[in-house]
Amino acid sequence: MTAASSHLTLITGASRGLGRAMAEQLLQAGHTVLGISRKQDPQLAEIAKAAGAELTQWEQDLSDPVAASARVSAWLKAIDAQRFDSVTLINNAGTVGNPAPLSSAVEAELSLALRIGLEAPMLLTAAFLGATRGWRGARKVLNISSGLGRNAMGSQAPYCAAKAGMDRFSQAVALEEAGAPNGARIVSLAPGIIDTDMQVQLRGASAEKFPDRTRFVSMKEEGRLDSPTSAAAKVLKYLAREDFGSNPVADVRDPA
Ligand SMILES: NC(=O)c1ccc[n+]([C@@H]2O[C@H](COP(=O)([O-])OP(=O)(O)OC[C@H]3O[C@@H](n4cnc5c(N)ncnc54)[C@H](OP(=O)(O)O)[C@@H]3O)[C@@H](O)[C@H]2O)c1
């Protein structure tokens with residue numbers, strides 16, 4: 001990236017955890033960032049100002065994916081596409097909900113987890129691809145997946161299903177975009193294990209309903225969690241790789 005280049009990134013879940021750390025690292029001169037979460041982070045606005053970056057923060061609940069994707073589509077269509085050398089969507093927001101066997105799950109919570117974890121990323125990807133179709137800049141979609149989309153865990157059915165669905169729809173979109181003019185490159189990426197609120201939620205879950213809870217407690221005790229700052233740097237390094245998109249289902253630890 002040169003100092004004169006101009007990049008636009010849309011990122012969900014920018015208010016906390018991995019997404020917050022990625023947003024902070026993206027806020028450099030020449031970058032425009034749209035953060036989409038239920039809450040804004042005033043500190044990010046300060047960071048953007050100091051860096052000479054443009055930041056817009058939406059308070060948008062992704063549990064209504066149709067409204068969120070319509071808003072993204074309208075926003076993209078209203079801005080000057082010619083400005084940007086690259087445009088990227090990072091679907092980062094997700095939720096583990098309250099881990100429990102499916103037989104004792106609360107229907108409304110199940111539905112919410114799938115809307116936030118799977119419907120919203122797919123609808124936002126659709127809106128993004130449609131609105132940026134004729135743009136001149138490089139187009140990328142980075143979906144933040146999880147090892148649990150690839151290896152099942154009891155009491156995590158909605159999370160496993162959302163991430164497995166994210167992996168598969170990314171592969172399907174990669175096939176579609178491969179033949180399109182200025183086709184988007186898309187990757188569903190497992191980001192490693194990160195010391196965020198999500199891990200706090202997993203460690204704090206009911207031991208009775210979530211037998212694997214102890215694994216998350218041990219990982220924390222053994223110091224095996226990556227910091228959000230370090231994980232964000234690794235994910236953004238992967239996003240910048242020349243071969244980004246060559247493997248649509250990947251792990252941040254995959255060698256270049
Ligand atoms: N932490 C890990 O070990 C780990 C491992 C593998 C994969 N991942 C994946 O990495 C991503 C980030 O996880 P994290 O650990 O950083 O999670 P986190 O600390 O729980 O943060 C989740 C983010 O998603 C946003 N979000 C949640 N529900 C939302 C909603 N209804 N509408 C809009 N935004 C919503 C939150 O913002 P608001 O609360 O402001 O809405 C927050 O910014 C997730 O996709 C997760 O599945 C994490």
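All residue numbers in this chain count up from 1 along the given sequence. Atoms within a ligand are numbered from 1 in the order they appear, just like the ligands themselves.
Counting atoms of ligand 1 from 1 in the listed order, those under 4.0 Å from a heavy atom of S146 are 6 (C), 7 (C). Within the listing of ligand 1, atoms 19 (O) sit less than 4.0 angstrom from a heavy atom of D197. Distances below 4.0 Å separate heavy atoms of G17 from the following atoms of ligand 1: 16 (O), 19 (O). Shown in contact with Q199 at under 4.0 Å from a heavy atom are these atoms of ligand 1, numbered in order with element: 2 (C), 3 (O). Near P191, with a cut-off below 4.0 Å to any heavy atom, the atoms of ligand 1 are 6 (C), 7 (C), 8 (N). Interface atoms of ligand 1 facing I144, defined by a heavy-atom separation under 4.0 Å, are 9 (C), 10 (O), 11 (C), 45 (O).
Residue-to-ligand polar distances place N92 within reach of ligand 1: an N/O pair is separated by less than 3.5 Å. The N/O atoms of L62, backbone and side chain alike, include one that comes under 3.5 Å of an N/O atom in ligand 1. Residue-to-ligand polar distances place I194 within reach of ligand 1: an N/O pair is separated by less than 3.5 Å. When only interatomic distances are considered, the shortest N/O to N/O separation between I116 and ligand 1 does not fall below 3.5 Å. At least one N/O-N/O distance between G13 and ligand 1 falls below 3.5 Å.
The backbone N or O of G97 lies less than 3.5 Å from a partner atom in the side chain of Q201, making a donor-acceptor pair.
Between the side chains of S145 and N143, no donor-acceptor pair of N or O atoms lies under 3.5 Å. A donor-acceptor contact closer than 3.5 angstrom is absent between the side chains of D212 and S155.
Put simply, part of D61 is less than 4.0 Å from ligand 1, judged by heavy atoms. At least one heavy atom of S145 sits under 4.0 Å from some atom of ligand 1. Taking 4.0 Å as the cut-off, G192 counts as a neighbour of ligand 1 on heavy-atom distance. The closest approach between any non-hydrogen atom of Q60 and ligand 1 is below 4.0 Å. At least one heavy atom of K163 sits less than 4.0 Å from an atom of ligand 1. Ligand 1 lies within reach of I193, whose nearest heavy atom is under 4.0 Å from it.
Between H7 and H31, the ring-plane angle classifies as tilted under the 30° and 60° cut-offs.
Remark: minimum distance from atom 26 (N) of ligand 1 to any protein heavy atom is reached at A93 CB, 3.9 Å. The single protein non-hydrogen atom nearest to atom 36 (C) of ligand 1 is R16 NH2, 3.4 Å, given as residue, atom name and distance. Looking from atom 34 (N) of ligand 1 to the surrounding protein, the closest heavy atom is S37 CA, 3.7 Å. Looking from atom 29 (C) of ligand 1 to the surrounding protein, the closest heavy atom is R38 NE, 3.6 Å. From the protein, the heavy atom lying nearest to atom 15 (O) of ligand 1 is T196 OG1, 2.5 Å. When only non-hydrogen protein atoms are considered, atom 38 (P) of ligand 1 lies nearest to S15 OG, 3.4 Å.
Both L129 and W75 are members of a single hydrophobic cluster when ILVMFWY side chains are connected at heavy-atom separations under 4.5 Å.
When heavy-atom distances to ligand 1 are checked against a 4.0 Å cut-off, Q201 has no atom that comes that close, whether in backbone or side chain.
At most 12 heavy atoms of other shown residues, nucleotides or ligands fall within 6.0 angstrom of atom CZ in R168. Heavy-atom neighbours of R215 CZ from other residues, nucleotides or ligands within 6.0 Å: at or below the threshold of 12. E222 CD: more than 12 foreign heavy atoms inside a 6.0 Å radius.
At least one side-chain heavy atom of R139 sits less than 4.5 Å from a side-chain heavy atom of R133.
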